[in-house]
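Written out below as structure tokens is the structure these notes cover.
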Amino acid sequence: LPLPLLAGLVLCVALQTGGEPCPANCLCPDPHTVDCSSLGLTSLPDSIPLDVRRLLLADNLIERIPADFLVLYSDLVYLDLRNNSLSAIELGTFVTSSRLVFLDLGCNNLTEIPAGTFGGSHSLIKLRLGSNPYLSMVSKDAFSGLTALRELELERNALYGLQVAAVSQLPSLRVLKLEGNPWVCNCNFSNLFTWLTKNSDKLPSGFDGMECSLPLDGRRVALNQLSEDSFRGCQLTLTLTDYLIIIFSGISVSVAAILTSFFLASTVHCFQRWSKANKTDEEDGDD
Ligand SMILES: *[C@@H]1O[C@H](CO)[C@@H](O)[C@H](O)[C@H]1NC(C)=O
Ligand SMILES: *[C@@H]1O[C@H](CO)[C@@H](O)[C@H](O)[C@H]1NC(C)=O
Ligand SMILES: *[C@@H]1O[C@H](CO)[C@@H](O)[C@H](O)[C@H]1NC(C)=O
């Protein structure tokens with residue numbers, strides 16, 4: 001064997017075996033990939049090599065990611081936790097994940113995405129949060145800081161509403177999945193509806209598969225069938241004219257109320273005097 005080739009081989013082997021070994025039962029197909037998918041794990045594996053870039057943990061039963069877990073893995077680019085049993089993302093978990101590009105938390109048991117959850121993930125491009133059947137609360141600042149995010153998946157969750165600021169503040173967003181949620185078409189939904197209408201190019205299949213239920217009788221309506229006019233009763237931004245009308249009608253109502261009570265009081269007073277006078281007349285007559 002020629003010497004350079006031999007040296008290369010030795011170096012290669014040294015790199016493969018250098019650092020920490022592959023966690024038990026996991027596969028490490030290349031020096032930066034750790035694949036512990038489908039192992040029935042209930043917690044994160046120990047001794048994951050510190051230079052891991054792709055960490056595959058899908059199809060396990062992992063219930064918790066300690067808030068400081070990712071601090072050690074600052075090279076992490078790709079994290080797949082799809083189909084696990086996570087019920088919460090602890091605050092600060094993703095604060096140090098500045099290289100993370102892909103994060104899959106779909107098919108878990110998340111209930112809420114609080115403000116600033118992905119604070120440090122400036123490089124994140126794809127975020128999958130779909131198929132969390134109890135996920136009903138997404139803060140309006142849940143995705144703040146995700147300036148590179150292009151794809152956001154929130155389909156098949158339990159969202160009945162979503163503040164439009166949560167998605168409208170993402171400067172790089174190209175694909176947004178929202179279908180299969182139990183939206184309620186109340187006045188709060190009107191702002192989201194308006195935004196979605198203007199940004200329908202971001203919805204992979206438009207309004208298909210999106211329905212909302214009417215607040216009063218729960219009847220489901222396809223979003224395709226609604227227009228901004230459907231929410232006309234929900235004009236929450238008041239113009240100057242609106243204010244003038246409100247103030248003026250307020251004044252008119254008060255004036256009318258004062259006049260009416262004055263009139264009623266006088267009438268009652270007159271009536272009392274009149275009946276009193278009548279009574280004395282009658283008594284006079286009897287005499
Ligand atoms: C989810 O993971 C379990 C193992 O924990 C597996 O049996 C199941 O097929 C997976 N579901 C999907 C949709 O991949
Ligand atoms: C998911 O969460 C719900 C309620 O939040 C709970 O009843 C259920 O047991 C959880 N499922 C799993 C697999 O953790
Ligand atoms: C509308 O949104 C506000 C603020 O997010 C919330 O307090 C209120 O309960 C919502 N109303 C309905 C009917 O969902």
Side-chain angles (χ1 to χ4, degrees), residues 57-58 65 78-91 93-94 97 100-213 220-224 226:
L57 294 163
I65 319 170
Y78 188 106
L79 178 57
D80 186 357
L81 279 158
R82 193 171 190 81
N83 189 19
N84 275 282
S85 307
L86 299 172
S87 57
I89 307 170
E90 292 176 21
L91 218 62
T93 305
F94 295 106
S97 309
L100 199 62
V101 165
F102 175 95
L103 176 60
D104 195 341
L105 294 167
C107 295
N108 274 281
N109 212 14
L110 302 176
T111 56
E112 185 185 1
I113 310 294
T117 299
F118 305 101
S121 313
H122 317 295
S123 309
L124 200 61
I125 289 179
K126 183 160 181 167
L127 176 57
R128 308 187 74 182
L129 290 167
S131 301
N132 280 276
Y134 300 94
L135 178 52
S136 60
M137 300 287 289
V138 171
S139 159
K140 81 175 173 29
D141 299 314
F143 310 118
S144 61
L146 297 184
T147 47
L149 194 70
R150 291 176 67 91
E151 294 188 35
L152 175 60
E153 296 185 1
L154 286 165
E155 80 284 5
R156 285 183 284 284
N157 291 324
L159 298 172
Y160 53 86
L162 177 68
Q163 297 201 52
V164 69
V167 287
S168 66
Q169 288 170 359
L170 296 169
S172 310
L173 192 67
R174 297 290 175 274
V175 178
L176 176 62
K177 290 195 182 179
L178 291 174
E179 69 276 9
N181 279 289
W183 305 108
V184 176
C185 27
N186 57 16
C187 288
N188 281 356
F189 190 70
S190 132
N191 289 335
L192 183 66
F193 183 81
T194 306
W195 188 85
L196 290 174
T197 307
K198 291 193 184 110
N199 292 273
S200 56
D201 56 314
K202 296 187 167 67
L203 305 172
S205 40
F207 279 159
D208 289 352
M210 286 185 73
E211 289 182 334
C212 64
S213 50
R220 297 179 78 81
V221 186
L223 289 201
N224 282 328
L226 297 176

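Throughout, residue positions are numbered sequentially from 1 according to the sequence presented. This structure is a prediction, so every number in the text was calculated from the model and none was measured.
Without hydrogens or angle criteria, N83 side chain to N108 main chain gives no donor-acceptor distance under 3.5 Å. No donor-acceptor pair under 3.5 Å is formed between the side chain of D141 and the backbone N or O of A115. For the pair T194 (side chain) and S190 (backbone), a donor-acceptor distance under 3.5 Å is present. Remark: the backbone N or O of S131 is paired with a side-chain donor or acceptor of N157 at under 3.5 angstrom.
Taking all atoms of both residues into account, the shortest heavy-atom contact from S139 to A166 is O-CB, 3.7 Å. Between L152 and L129, the closest heavy-atom pair is CD1-CD1, 4.5 Å. When every heavy atom of C212 is checked against every heavy atom of C185, the shortest pair comes out as SG-SG, 2.5 Å. In plain terms, the two heavy atoms of S172 and T147 that are nearest each other are OG-O, 2.5 Å. Heavy-atom minimum distance, L226 versus F193: O-CZ, 3.5 Å. Taking all atoms of both residues into account, the shortest heavy-atom contact from L196 to L203 is CD2-CD2, 4.0 Å.
Qualifying salt bridge (charged side-chain N to carboxylate O under 4.0 Å, His left out) partners for D104, counting only residues two or more places apart in sequence or in other chains: R82, R128. In terms of the side chain to side chain contact (heavy atoms under 4.5 Å, CB included) criterion, residue partners of S121 (sequence neighbours excluded) are, by chain and number, F94, S97, F118, L124, L146. Taking the side-chain hydrogen bond (donor to acceptor under 3.5 Å, both in side chains) definition, one finds that E90 meets it with R64, sequence neighbours left out. Residues meeting the salt bridge (charged side-chain N to carboxylate O under 4.0 Å, His left out) test with E179, sequence neighbours left out: none. In terms of the side-chain hydrogen bond (donor to acceptor under 3.5 Å, both in side chains) criterion, R156 has no residue partners (sequence neighbours excluded). Not a single side-chain hydrogen bond (donor to acceptor under 3.5 Å, both in side chains) links K177 to another residue, sequence neighbours left out.
Residues V167 and W195 have side chains in contact (heavy-atom distance under 4.5 Å, counting atoms from C-beta outward). Between L154 and F143 the shortest side-chain heavy-atom distance falls below 4.5 Å. Within the 4.5 Å cutoff, the side chain of F207 has heavy atoms near those of the T197 side chain.
Shown are R174, K202, K126; of these, the salt bridge (Lys or Arg N to Asp or Glu O under 4.0 Å) with E151 is made only by K126.
Taking CG from L57 and CG from L79, the interatomic distance works out to 6.5 Å, rounded to the nearest 0.5 Å. Note that CZ of R150 and CG of L176 are 14.0 Å apart. Values are rounded to the nearest 0.5 Å. Within the model, atoms CG of N132 and OG1 of T111 stand 9.0 Å from one another, a figure rounded to the nearest 0.5 Å. Distance check: S123 OG to L149 CG gives 11.5 Å after rounding to the nearest 0.5 Å. For the atom pair I89 CD1 and L105 CG, the distance stands at 5.0 Å (nearest 0.5 Å). The line from CE of M137 to CD of Q163 is 9.0 Å long, rounded to the nearest 0.5 Å.
Between W183 and F189, the ring-plane angle classifies as tilted under the 30° and 60° cut-offs.
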